[in-house]
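These notes concern the structure reproduced below.
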Amino acid sequence: RIGSLPYKILNFLVIRLGTNSDLPRELHCGPGLRLFHPYGLFVHKDARLGADVNLYHHVTIGRRDFTGEPVVGDEVTFGAGSMVLGPVVIGARAKIGAGALVLDDVPPGATALGPRATVRLPEGYAPDGYDPDGCAAGQPGEGSGGAAARDLRPVRQIPAAGRNEQ
C-alpha cells in the first residue's frame, strides 16, 4: 500500500495530468483491473468493481444525483465512452457497449447498448444507394415506412452474401 503523500503526488503527476483520469486511492476493486488506453477515465471513490474488470478510454462510473454508486461484478467490460451512473448493479460477465449510458441494473451476462444515432438528410437530398429506413429493394416508399423515404430514388440491389458476389 502506497503512503498518502507519495500516492497523492504520483496520482496528480501520472494519473491526473498524464492520462486525464481520476482513479482515487479509496477505490474498491478486485484483482485484474485492466485499463485499455487509460485516458479520460473517472471512477467514483465509493464505486465497487469486481475482479477482472476491463475499462476502455473515457469510461465514467459514478454517482447520479447523490443517490449512490455503482456495484460492478466480475469480468465486466466497459466500452469506450460508456457511462454507468447511480446505484446500479452490473452483473458478472456483462458488457457495456461503447457510448452506452446505463442508469438501470444489467443482469449477469447481458449486454447494454447505447442509443443508436439517427441520420437526418436535408430535404431533397438523395445519394445513390441510400435508404434511411434500411429498405434495399423495391421502389421508394414500398416498405420503407417514411414520407421522406418515398421521395428517394430507387435503391440498388445488394446481394445477401455480400457486395463481392459474382
Side-chain angles (χ1 to χ4, degrees), residues 1-121 127 129-136 145-146 158-165:
R1 186 171 177 138
I2 300 173
S4 181
L5 183 60
Y7 178 82
K8 286 180 181 179
I9 294 170
L10 182 67
N11 181 44
F12 180 76
L13 292 176
V14 175
I15 297 174
R16 291 194 184 208
L17 290 180
T19 65
N20 194 29
S21 296
D22 188 7
L23 300 171
R25 179 179 181 211
E26 300 86 6
L27 177 63
H28 298 280
C29 65
L33 176 65
R34 296 177 67 189
L35 308 175
F36 297 95
H37 310 288
Y39 187 82
L41 298 173
F42 173 80
V43 181
H44 192 275
K45 66 180 180 114
D46 294 328
R48 297 193 177 271
L49 305 180
D52 300 317
V53 171
N54 300 312
L55 302 178
Y56 284 82
H57 54 283
H58 295 285
V59 170
T60 299
I61 302 172
R63 284 187 172 179
R64 176 180 177 213
D65 300 331
F66 303 103
T67 56
E69 300 78 24
V71 175
V72 178
D74 296 339
E75 300 177 28
V76 175
T77 297
F78 292 86
S82 59
M83 294 177 276
V84 177
L85 302 174
V88 176
V89 176
I90 308 295
R93 295 174 313 285
K95 292 179 180 67
I96 310 301
L101 172 60
V102 179
L103 303 174
D104 298 309
D105 293 347
V106 177
T111 300
L113 300 174
R116 186 175 175 179
T118 58
V119 176
R120 297 182 187 249
L121 298 174
Y130 179 79
D131 181 11
D133 294 323
C135 178
I158 299 174
R163 295 179 186 220
N164 295 330
E165 186 176 281

Could you list all the salt bridge (charged side-chain N to carboxylate O under 4.0 Å, His left out) pairs where at least one residue sits in residues 87-112, not counting sequence neighbours?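 Non-adjacent pairs meeting salt bridge (charged side-chain N to carboxylate O under 4.0 Å, His left out): zero.
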Which value, rounded to the nearest 0.5 Å, describes the distance between E26 atom CD and H44 atom NE2?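 With rounding to 0.5 Å, CD (E26) is 10.0 Å from NE2 (H44).
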Please report the closest heavy-atom contact between [X] and [Y], naming both atoms and the distance.
| X | Y | value |
| --- | --- | --- |
| L27 | A47 | CD1-O, 3.7 Å |
| V88 | L85 | CG2-O, 3.2 Å |
| I96 | S82 | CG2-CB, 3.7 Å |
| A94 | V106 | CB-CG1, 3.9 Å |

With sequence neighbours excluded, tell me which residues meet ring-ring contact (aromatic ring centres under 6.0 Å, His included) with H37.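 H57.
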Non-neighbouring partners of F42 that pass ring-ring contact (aromatic ring centres under 6.0 Å, His included), sequence neighbours left out: none
Partners meeting salt bridge (Lys or Arg N to Asp or Glu O under 4.0 Å) with E69 (sequence neighbours left out): R63
Run the side chain to side chain contact (heavy atoms under 4.5 Å, CB included) test against L33 and tell me which residues pass, sequence neighbours left out.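 L33 satisfies side chain to side chain contact (heavy atoms under 4.5 Å, CB included) with C29, L35, L49, V53, L55 only.
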Validation: residues 70-77 side-chain donor-acceptor distances under 3.5 Å, sequence neighbours left out:
from	atom 1	to	atom 2	distance (Å)
D74	OD1	A51	N	2.7
T77	OG1	N54	ND2	3.2

M83 pairs by side-chain contact (heavy atoms from CB on, under 4.5 Å) with which of L101, V59, I61?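 That would be L101; it is the only one of L101, V59, I61 passing the side-chain contact (heavy atoms from CB on, under 4.5 Å) with M83.
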